[in-house]
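To start, the structure itself, in structure tokens.
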There are 2 protein chains.
Amino acid sequence: MTAGHFLTARSQNTVNGAIMGIAERREREKEKRRESIIDAAEKVFFSSGFENATMLDVAKKAELSKGALYLYFQSKNELCMAILNRSLKILVSQMKNLLRNSELTGLEKIGNLGKLFINFSQSQKDHYKALLSYREHKEHCPDNGRIFQNCKKTNKEINSLIAAMLHSGVEDGSIRQDIDQEKISIIIWGNFSGFLPSSILTEENLKIAPAEVMNYFFELVKIAIAKEKE
Amino acid sequence: MTAGHFLTARSQNTVNGAIMGIAERREREKEKRRESIIDAAEKVFFSSGFENATMLDVAKKAELSKGALYLYFQSKNELCMAILNRSLKILVSQMKNLLRNSELTGLEKIGNLGKLFINFSQSQKDHYKALLSYREHKEHCPDNGRIFQNCKKTNKEINSLIAAMLHSGVEDGSIRQDIDQEKISIIIWGNFSGFLPSSILTEENLKIAPAEVMNYFFELVKIAIAKEKE
DNA sequence: ACACAAAATGACTGCTGGTCATTTTCTGAC
DNA sequence: GTCAGAAAATGACCAGCAGTCATTTTGTGT
């Protein structure tokens with residue numbers, strides 16, 4: 001207890017002077033190391049495939065020991081999720097550009113989104129692969145970890161961006177008002193990423209029941225393919 | 001060489017009598033054993049999860065040694081694929097019933113297909129899970145094996161069944177004639193099974209370029225959500 | 001009773017994700 | 001400069017499992 005008081009006193013002491021700056025620098029360095037490990041992991045995983053690559057390979061590439069990796073990531077799967085989050089962020093950044101483009105109607109944005117997706121899957125094959133392996137890794141990734149939470153967050157952001165495109169289309173009159181923006185964004189994103197089937201199974205992540213989304217999907221298809229009555 | 005002749009002579013000898021019958025019985029028994037291993041694997045994998053379940057567990061459940069499993073399946077992944085094929089066949093059988101139903105228009109069949117899918121994913125959760133893990137296992141499953149080929153075949157059958165529903169709709173006038181039946185069936189099935197993103201990546205399995213299918217998907221969505229001009 | 005083939009066994013190997021006692025490096029205090 | 005304690009890093013080690021293979025058991029025809 002007395003010792004505790006001393007410690008507290010000392011740490012308060014360290015508030016002034018250079019000490020606090022060092023703590024911050026340490027934090028920055030830790031973050032940098034974390035990123036450099038992800039860099040290494042990207043190279044190794046992308047070239048050998050997630051399964052074949054070993055943690056030792058990653059450690060070597062990062063010029064660290066195997067044990068050190070586990071100071072920064074809880075497991076191989078969590079490391080994969082960190083890569084996935086990068087993949088998602090690439091998409092987010094591209095989609096933001098598209099959303100910003102004021103020369104396009106909302107409907108046209110949706111059309112271009114398709115092209116954006118295709119382009120991504122071709123020019124960033126490895127990242128797209130990472131994206132598709134989401135389900136695999138998620139199952140063995142601790143829910144608590146901040147990395148997993150980040151992925152969830154970025155994923156939500158993507159859905160919001162699609163919804164925003166739809167919304168802008170409703171605003172500018174290029175898209176009907178009676179559509180369910182949220183459902184359609186899930187459908188579009190789910191179709192590209194394979195998230196929709198996954199969420200049907202887990203029933204997580206969505207306020208709307210995934211089954212309902214699937215129903216809506218079939219409604220849309222029906223609208224698109226039905227023969228006009230009159 | 002001489003020995004070879006003797007062998008040939010003897011095996012020809014065995015054509016008459018009970019011997020040929022025994023060979024056939026053996027073949028049947030082998031097939032039965034194969035099925036019983038899949039039975040065991042289903043129970044074990046479904047209850048412990050694909051990752052956690054071990055081949056030893058399966059062997060015990062099947063009342064065989066571990067080594068024996070490898071007389072019937074090349075790998076754990078191939079065994080998983082065998083289960084997947086069962087899952088697909090359940091769907092095929094249900095879809096055949098739906099297709100046969102002559103009281104429904106083609107358009108209605110497509111609508112009911114959505115409900116069929118949802119129902120499957122809820123009542124056959126484990127099989128649906130197996131379905132979604134296709135990609136995982138495929139990568140580590142020998143292309144040559146007959147089991148993998150079977151899965152491919154059943155998968156194609158499903159696409160054909162959807163296409164047939166669409167076709168019947170065109171015939172009975174409930175569905176427009178200008179739709180691309182093949183693409184739409186891939187979209188619908190891909191949306192449910194996650195096969196579409198997968199095939200975008202691998203570019204296999206489809207005569208049509210997966211990217212083109214994705215484009216078409218966005219076209220459909222646009223038709224369904226666009227504001228009518230006049 | 002024998003010879004041969006098919007089926008089955010289970011001890012063994014190689015590999016890898018993850019751990020942890022130990023060592024090295026950093027940092028502030030005296 | 002040097003000492004103590006914290007933070008970072010190490011790498012030998014462990015446990016567990018997919019897959020193998022020399023050996024044994026079983027089935028079959030002569």
Side-chain angles (χ1 to χ4, degrees), chain A residues 3 6-7 9-34 36-37 41 44-45 48-60 62-80 137 140-142, chain B residues 3 6-7 9-34 36-37 41 44-45 48-60 62-80 137 140-142:
Chain A
F6 274 124
L7 278 173
R10 187 161 58 195
S11 62
Q12 279 174 345
N13 225 356
T14 61
V15 168
N16 52 17
I19 298 169
M20 214 46 194
I22 286 176
E24 280 157 11
R25 192 208 60 201
R26 277 240 170 115
E27 197 52 44
R28 276 201 311 277
E29 280 177 354
K30 204 165 182 180
E31 201 52 44
K32 259 202 171 163
R33 180 131 292 172
R34 198 187 278 274
S36 82
I37 291 174
V44 172
F45 287 152
S48 311
F50 290 100
E51 290 290 323
N52 301 322
T54 74
M55 287 302 264
L56 192 61
D57 293 338
V58 176
K60 275 179 186 161
E63 293 172 299
L64 279 171
S65 70
K66 192 161 82 151
L69 298 188
Y70 289 89
L71 296 174
Y72 295 89
F73 298 93
Q74 290 189 47
S75 68
K76 191 184 183 188
N77 283 296
E78 201 182 44
L79 191 44
C80 291
H137 300 305
H140 309 283
C141 197
Chain B
F6 274 125
L7 279 173
R10 186 160 61 194
S11 61
Q12 279 176 346
N13 226 355
T14 61
V15 170
N16 52 15
I19 298 168
M20 214 46 194
I22 285 177
E24 280 158 11
R25 191 209 59 201
R26 278 240 169 116
E27 197 52 46
R28 276 201 312 277
E29 282 177 350
K30 205 166 179 176
E31 201 52 43
K32 259 201 171 164
R33 180 130 294 173
R34 197 187 279 273
S36 82
I37 291 174
V44 172
F45 286 154
S48 312
F50 290 101
E51 290 289 324
N52 302 321
T54 74
M55 288 301 264
L56 192 61
D57 293 338
V58 176
K60 275 179 187 163
E63 293 172 300
L64 279 171
S65 69
K66 190 159 86 153
L69 298 187
Y70 289 89
L71 296 173
Y72 295 89
F73 299 93
Q74 291 189 48
S75 67
K76 190 184 181 185
N77 284 296
E78 200 182 44
L79 190 45
C80 290
H137 300 305
H140 308 281
C141 197

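Order of the sequence lines fixes the chain letters, A, B, ..., with proteins taken first and strands second; residue numbering starts at 1 for each chain. All values below were derived from every heavy atom in this structure, side-chain atoms included, with hydrogens, water molecules and symmetry-related copies excluded.
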Exercise. Specify the separation, in whole Å, of atom CG of A:L64 and atom P of C:dT24.
Key: 17 Å

Quiz item: A:A53 near the nucleic acid: base, sugar-phosphate alone, or nothing, with a heavy-atom cut-off under 4.0 Å?
Solution: sugar-phosphate

Exercise. Could you pull out the closest heavy-atom pair between B:F73 and B:R34, with the gap in Å?
Key: CZ-CG, 3.7 Å

Exercise. Measure the distance from CE on A:M55 to P on D:dC14 and round it to the nearest whole Å.
Key: 21 Å

Quiz item: With nearest nucleotides of DNA chain C determined for A:A68 and A:E51 from heavy-atom distances, which residue corresponds to the more 5′ nucleotide?
Solution: A:E51

Exercise. Considering non-hydrogen atoms only, spot the tightest contact between A:C80 and A:F50 and give its length.
Key: SG-CD2, 3.5 Å

Practice problem: Evaluate whether atom CD of A:E29 has more than 12 neighbouring non-hydrogen atoms of other residues, nucleotides or ligands under 6.0 angstrom away. | Solution: yes

Quiz prompt | Atom-pair distance (CD on B:E29; C1' on D:dT26), nearest Å | solution = 12 Å

Quiz item: Quick one: which of D:dA9, D:dC17, D:dG19 gets closest to the side chain of A:R33?
Solution: D:dA9

Quiz item: Rounded to the Å, how far apart are A:E31 CD and D:dA8 P?
Solution: 13 Å

Quiz prompt | A:S75, nearest nucleotide to its side chain (from C:dG18, D:dG19, D:dA9) | solution = C:dG18

Quiz item: Reckon B:K76 has a side-chain N or O less than 4.0 Å from the OP1 or OP2 of D:dA18?
Solution: yes

Quiz item: Can you name the closest pair of heavy atoms from A:V58 and A:I37 and give their distance?
Solution: CG1-O, 4.3 Å

Quiz prompt | Side-chain-base donor-acceptor pair under 3.5 Å for B:K30 and C:dA7 | solution = no

Quiz item: Would you say a side-chain N or O of A:Y72 is under 4.0 Å from OP1 or OP2 of D:dA9?
Solution: yes

Quiz prompt | Interatomic distance where NZ belongs to A:K66 and C1' belongs to C:dC20 [whole Å] | solution = 13 Å

Practice problem: Rounded off to whole Å, could you give me the CG-to-C1' distance for the A:L79 and C:dG18 pair? | Solution: 14 Å

Practice problem: Indicate the atoms forming the closest heavy-atom contact of B:K66 with B:L56, along with that distance. | Solution: CD-N, 4.1 Å

Exercise. Starting from P on C:dT24, measure out to CD on A:E63 and report it in whole angstrom.
Key: 20 Å

Exercise. Take the protein atom OH of A:Y70 and the nucleotide atom C1' of D:dG11, then report the distance between them rounded to whole Å.
Key: 14 Å

Exercise. For B:L56 and for B:R26, locate the closest nucleotide of DNA chain D by heavy-atom distance; then report the residue assigned to the nucleotide nearer the 5' terminus.
Key: B:L56

